[in-house]
Every structure is written in structure tokens, then in C-alpha cells.
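Within every chain, numbering begins at 1; the chains are lettered A, B, ... in the order of the sequence lines, protein sequences first and strands thereafter. Since we're looking at a predicted model, the values are computed, not measured.
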Amino acid sequence: MVSLNFYLSLSAMLFTIGVVGVLTRRNAIIVFMSIELMLNSVNLTLVAFSSFLGDATGQMLVFFVITIAAAEAAIGLAIIIALFRNKQTVNIDEINLLKW
Amino acid sequence: MYNLIGLVVLLPLIGAAVNGLVGWRIKNEKVIGIVGSATVGFSFVLSVLIFIEMLGRDVLNRAEVIDYFRWIGAGGLETSFAYQVDQLSILMTLVVTGVGFLIHVYSIGYMHGDPGFWRYFSYLNLFIFAMLNLVLADNFLLLFLGWEGVGLCSYLLIGFWYEKKFTGDAAKKAFVVNRIGDFGFLIGLFLIFVTFGTLKFEPLFLQASVMSVGEPVLFWITLMLFIGAVGKSAQIPLFVWLPDAMAGPTPVSALIHAATMVTAGVYMVARSATLYALAPLTLEIVAVIGLLTAVLAATIALTQNDIKKVLAYSTVSQLGYMFLALGVGAFWVGIFHVYTHAFFKALLFLGSGAVIHAMHHEQDIQKMGGLRKYMPKTYITFLIGAIAISGIPPLAGFFSKDEILAYVWHDGSVLLWVFAAITAGLTAFYMFRLVTLTFWGDPRFKEHGEHAKHPHEAPATMTVPLIILAVLSIIGGWVGIPKALGGGLAIKQFLAPVFERADRIMALPEHGVHAVDYVLILLSVAIAAAGIYVARLWYLKKPEIPGGLAKKYSGVYKVLSNKYYVDELYDAAIVNPTVKGSRKLLWRGIDVGIIDGIVNGLAKLVEIVSKYGRLVQVGVVQGYAVAFVFGIVFIIFWLLFR
């Protein structure tokens, strides 16, 4: 039996990798993938707690998150494609029009 | 029949609504004129019927309150649209609708061809409606509705020819000056409500009648109400609007001066007679203000050359006379003079309107003269009006004026009587100066004629009302023939129940017939006759005398012909400081400086904050993400370790 702590530690690591990815990478697609990673790390936590506490609510929540994430992925990718068509780049350092 | 009193009030409103809403589509002047006149005419017929029924009733049963519907109910205030039909209000209703009807008919001829014909009749009907509300109201609030209504209508009608600037100015002046009076009137109403808890006449006067004479609160109430009357009835110091009100069409002047508006103040004081009787100090003020106004206006009228201005100051003077009567406690005499004055003053104004009409809007009497030959009907009727106002028996003005003088004499103040008698003489003088310069002598309009003038008699719609009013000016006073002349003072007996409480409080001695009464009558007739004689002598036979006097006493003449510089004084003391103060302090200082300053300052503040605050927005997405992360980390730590 793998203890709960392992799941949580894995989840925390995945989340941290996601955060670092978002903060450091310049490619918009990578940043986007990092965000998905963070989402899924949280899903993992939910499922782990749900399993260990014997409460189905967590799993139910995960279904919602996955549904939303699917929609969000579609929108996010659409935005990135639109960006690329306009600016011929997905480097977020170069996409800084919205400022003072 | 009493129930129909609502219809009496409603009919002019219907006329106003019809002409006001669809009048501009009706191109036919006859239809508009008939709608306007007939509604008032029917009101008059109805009020005559009610009057006849009243005469048939027992004296104790004559007054009745007709309650139509609850108007305002809030807290302790309960006000109904209720009309009080009694001797006083029915008399006023008869005068308002009767004289008003004649003025309407006259207007059909006078306003012929005016593009605003329908508007004019709509306003005129509304005026009658407001005035009827004023005189028939059974409580002060409904009276106030009418009070403000006549103020509004006078504004609309004085400024009727609004394309000329001076008419607009005159209308504004009338309205503003009236507002000053209304302010006092409102304070009076508040005081009444606080003191008595009701604004209904009957319970109010009943409560008041048990209070002691000279109670301070009654003094303040009556004084404040009187300030309202001063504004509405053009007394010192608020009479300045009335002469300027001549800017309106002449029949409007007749309506304002004779049937409606200015008599409202006298009526209101007479209606509140019980309160005034309990405040002897206010009554003295009323008498003094009335007399001062009478003398002042009569002296101004001596030197005016505008036919309407003379009549305007004459009205101010006659109103002063009415207040003098009220001031000595002779309430019924005040109303009696309102009633007779309505006939001859309407007659004089309508006559002057016919003259102005004939002279193609020339109003300067120096450029008239000899009109007797050209317009005989107008001349005869105008002459009757002039004799009536001068107080020559047996015309209407004599009886009311004589009654006022008699009461002033019996009041014990010889000084008041002397001034009142002098005013009577002055009245006769300036009226016959007017008649002489306008109708007698040789025509002077030819030498002044820019274009040749051919005066012509007015059409029948104008002369018939003149003739009717002339007849009324002759016989109207016969309801008040004094006992000394073998009369029964019918109008006094008729009005007595209304003033019963006031009379009981005043306890004026019922003076019988003394030798002194005959002396007084003879004196007042002699003074009037002397005034007429002097006017005729000076202006017809020896025109060099008044000119010489004007030169000899040029200082006095200048003061009089400039109306004592009252307008200039008010301009300097009140109008200009107000305008300047508004411009410098209120506009430039408070409005631009403080109010605009606060609004603009707030905008400036936001601008400055955002100027530096926006620098945070650098446009680097990951910079924002770092801020999020640190923010979340901080919140987690705060939640865990606080």
C-alpha cells in the first residue's frame, strides 16, 4: 500500500514543476502545458484524498476539472494559434503590447 | 343647487383645457372665443342660480361646505377639495365670473387677429379657474392653490407678447415680487398649522375665537398672511409689479385689476377676519400700509402720461383704500369696495383698451384729446367709470368710498381720515385729468401723427361689455346705501354672518345716524367735485397752470413722475446687489470655485494616482505570474502561521 504522503509529495512536485515552467519558459505552448500540469497535479491530490478518505466527492470534482480543462485547452490553443497568425511568434516576451 | 359649485369652478378649467390643447388646430377665432366666453358665462349663470337659492334660504342656513374629495392626507394634515359656499365667497364668485365673462367677450374684439388667440383664451380661463378656487376654498391650502394659480396666470398673461423683451421682464417682475409675498403667506400657513393643527377655515376660526385678543402667535400669523396679501394686492413695499404689469394686453389688465388677482389679498384678509380681529396690532399695520399706499399711488398717478399707468396707480391706490377699510375693522366695507371697484375699474380699463385700439396702440394721453367725437360710446362709458371712481353719488364708487371714510372717522383717527379724504380728492383729480386729456379739448394726435390716425369706435363685442359695466357702475352701489341716506345697507346685512365672530371681537360701536354723517358725506362729495373741477379747469381751460406748477415745483414733479424712484431704489438696494452677489459670489465663487472645484479636483486626483500607478503594468506576462505566485505564497503563509 502506497501511503498518502507519496501521492501528495508527487503532486507537490508536479505542481512546483508546473509553476517553474510557467515562470521560466518563453514558449507559450510550453507555458500552457505547464498550466495543464498544475491542474493535473491538483487532480491527483483530489483523487488521492478521495481514495484515502473514502469520500467520492473528490473524484466527482476531478471530473468537473477535467471537463473544464478540456474546454480551457481548446480556448487556450485557439488563442495561441490566433496569436501566432498575427505576430508570427509564440514567444511571450515579444507579446507585451498591453502595458502602460 | 349648492352642489353645482364644483361645476362653476370646473367649467373655466374645461375651457382652458379645450383651447389650450386643441385651440391651435381651430383656426376659427369665433369658436375659440365662444368656448372661452361661454364656459365662464355658464359659470356665472350657475353662480347666479346658487346666489338666488342662497337668498331664499334662512339666514342661518346660507353657508354650506361642499366636500368633493380628499386631496392630501399626511400625518395630522387632512385637506379636501372642498368649497365653502357662503355669502362672502358667492359674492366674490359672482364678481369674478360676471366681470370675467364681460372681459372675455371684450377680448374677442380686442385680440382679433392675434396669432396667439387660442393661447390667450386658454390662459384667461385658467385665470378664472384659479381665482374661483381661491375664493371658494374652504381651507388655506386650497386657497393657496388658487393663490399660486393666479400668480402663474398673471405671469403668463403679462408676458403674453413674449417676443418683446420688456413684457417678459414685467412678467418676471410680477412673478418674483409675488413670490416674496407668497413666502410670508407660506410661513403664515405653517404657523397656523402648528398652532391650530388644521387649515380648514371653520374649525380654525372657531378655535381662534376663544383665544385672547393680542395673543403674540396670532400677531405673527396675521402679519405673515398680510405679507402675502401685500404681494398679491400690490401694497407698499411690493406694489412695484402692478404698474409694470401693464405690458400685457389691456383686457388682461382689466382682469388682473378688477376681477381677479389683486382682490385676492383683500379677500384673504376679510376671510381671516376672525384672526385679524384678534390681532389689533396687525390691523393697525394694515390700516397704515393701506393708507400710505393709497396716498403714494394717488400722487404718482397725478403725473403719469400713459393712460394705462394712470389706471394702474389708481388701482394700487384703491386697493390701499380697501386695506384701510379692513384695517379699521370694517371688513364688509373692504369687500364692498372690492365689489364696486370691480365694475368701474374693469370699465375704465376696457375703455382705455378701446381708446388704445382706436389710436393704433398709442398710449400717451398727451397725444390724444378730443376723442369724444370719434368714439362716443367709449367716451360716455369711460366718463361714467371716472365719475364712479371719483365718488360722486349716486354712482357705485360713492357708497363704498363714503362708507370707508365714515368708518375711518368713527375709528377715531382724524389724521387717517384727512389723508383718506385727500386721496379721494386726488383720485377725482387724476381721473378727470385723464378724461380731459383723452376725450375733451382738441385732438392732438394729428400734430403727432407719424401716419395719419383715424380713431374709430370699437366693434360691438367691445362696446357691449362697456355699456353693461357702465350700467353696473351706476347701480352697483345701491346695495349699500347708508342709513343716513335712507338706505338699508343691504350688503352689510347680507355679509354680516360671515364677519359675525370678528365683529363680536372688535365690538365696533354700531353708529347710528348722526349729523356728522351728513357732514362727512357732503365733505367727501365736495372734495371729489373739487378734484373734478380743478382737473377740468387746469387741463381744459388753462393748460398753462399745470405746466407752470410743474416748472415751479420741478423737484416735486420729477419725484412724482419718476414714481418716487422706488424702482430705482429697489434696483440699487436689492436687485443689483442680488445680481452682482449671484454673479460674483454664487457663480464665480461657490459654483465655479467650490462645486466645480470639488468635481474637477476628484478627477485630477484620479489622474495623478493612475499616472504613477499604471507603471506597474509592464506588459510582461510572466512578471504578472510571479506576482500571483508570491501573492498566493503569502496568503498561504498568512493562513497557516498567523
Side-chain angles (χ1 to χ4, degrees), chain A residues 5 8-9 11-46 49 65 69 72-73 75-100, chain B residues 168 172 575-642:
Chain A
N5 286 341
L8 292 184
S9 305
S11 170
M13 274 189 275
L14 284 175
F15 192 85
T16 313
I17 292 168
V19 170
V20 172
V22 168
L23 294 185
T24 55
R25 302 307 292 253
R26 295 287 177 266
N27 190 324
I29 294 175
I30 309 275
V31 170
F32 191 61
M33 283 165 63
S34 304
I35 292 172
E36 293 295 315
L37 196 62
M38 285 155 73
L39 263 177
N40 283 313
S41 73
V42 175
N43 278 350
L44 186 62
T45 318
L46 282 168
F49 272 121
V65 174
E72 177 253 325
I75 293 169
L77 286 171
I79 292 172
I80 290 169
I81 288 169
L83 259 177
F84 183 75
R85 281 188 181 155
N86 278 307
K87 302 204 58 144
Q88 315 303 325
T89 178
V90 287
N91 185 343
I92 53 174
D93 276 358
E94 290 173 35
I95 304 162
N96 58 357
L97 277 179
L98 195 64
K99 61 178 181 183
W100 44 265
Chain B
K172 208 160 58 186
V575 179
N576 285 339
T578 311
V579 171
K580 276 196 189 131
S582 305
R583 189 168 291 153
K584 293 219 169 111
L585 183 69
L586 295 179
W587 174 26
R588 300 260 160 74
I590 292 181
D591 196 44
V592 174
I594 295 178
I595 296 178
D596 287 5
I598 288 173
V599 174
N600 290 339
L602 277 175
K604 201 91 194 162
L605 186 72
V606 172
E607 196 189 320
I608 290 167
V609 169
S610 48
K611 186 177 170 188
Y612 295 103
R614 68 181 180 168
L615 295 179
V616 177
Q617 309 273 338
V618 289
V620 179
V621 179
Q622 281 164 329
Y624 303 156
V626 171
F628 294 168
V629 171
F630 278 109
I632 288 167
V633 168
F634 171 76
I635 288 171
I636 289 170
F637 270 79
W638 189 66
L639 286 175
L640 291 177
F641 304 111
R642 65 178 157 169

Checklist line | Top contributor to chain A interface from V621(B), V620(B), L615(B), V626(B) [non-hydrogen pairs under 4.5 Å] | finding: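 Of V621(B), V620(B), L615(B), V626(B), L615(B) has the most heavy-atom pairs under 4.5 Å with chain A.
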Check: Do any of residues 25-40 of chain A come closer than 4.5 Å to chain B, heavy atom to heavy atom, and if so which ones, in number order?
Finding: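 So far as heavy atoms go, R25(A), R26(A), V31(A) are the residues that approach chain B to under 4.5 Å.
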Check: So which of I95(A), N96(A), T24(A) has the biggest tally of heavy-atom pairs under 4.5 Å with chain B?
Finding: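 Of I95(A), N96(A), T24(A), N96(A) has the most heavy-atom pairs under 4.5 Å with chain B.
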Note to self: Just checking F628(B): does its CZ atom have more than 12 heavy atoms from other residues, nucleotides or ligands closer to it than 6.0 angstrom?
What the structure shows: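 Open: at most 12 neighbouring heavy atoms sit under 6.0 Å from CZ of F628(B).
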Next item on the list: Evaluate whether atom NZ of K87(A) has more than 12 neighbouring non-hydrogen atoms of other residues, nucleotides or ligands under 6.0 angstrom away.
Entry: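 Yes - once you tally the heavy atoms of other residues, nucleotides and ligands closer than 6.0 Å, there are more than 12.
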Notebook entry, point to check: Measuring heavy-atom distances to chain A, does V618(B) have an atom under 4.5 Å in its side chain, in its backbone, in both, or in neither?
Noted result: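 Answer is both: backbone and side chain atoms of V618(B) are under 4.5 Å from chain A.
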Item checked: Proximity breakdown for V22(A) and chain B, heavy-atom pairs closer than 4.5 Å ->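 Both parts, heavy atoms under 4.5 Å.
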Item checked: Minimum-distance pair of heavy atoms, taken over all atoms of Q622(B) and D93(A) ->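 Closest pair (atom of Q622(B), atom of D93(A), distance): OE1-OD1, 4.0 Å.
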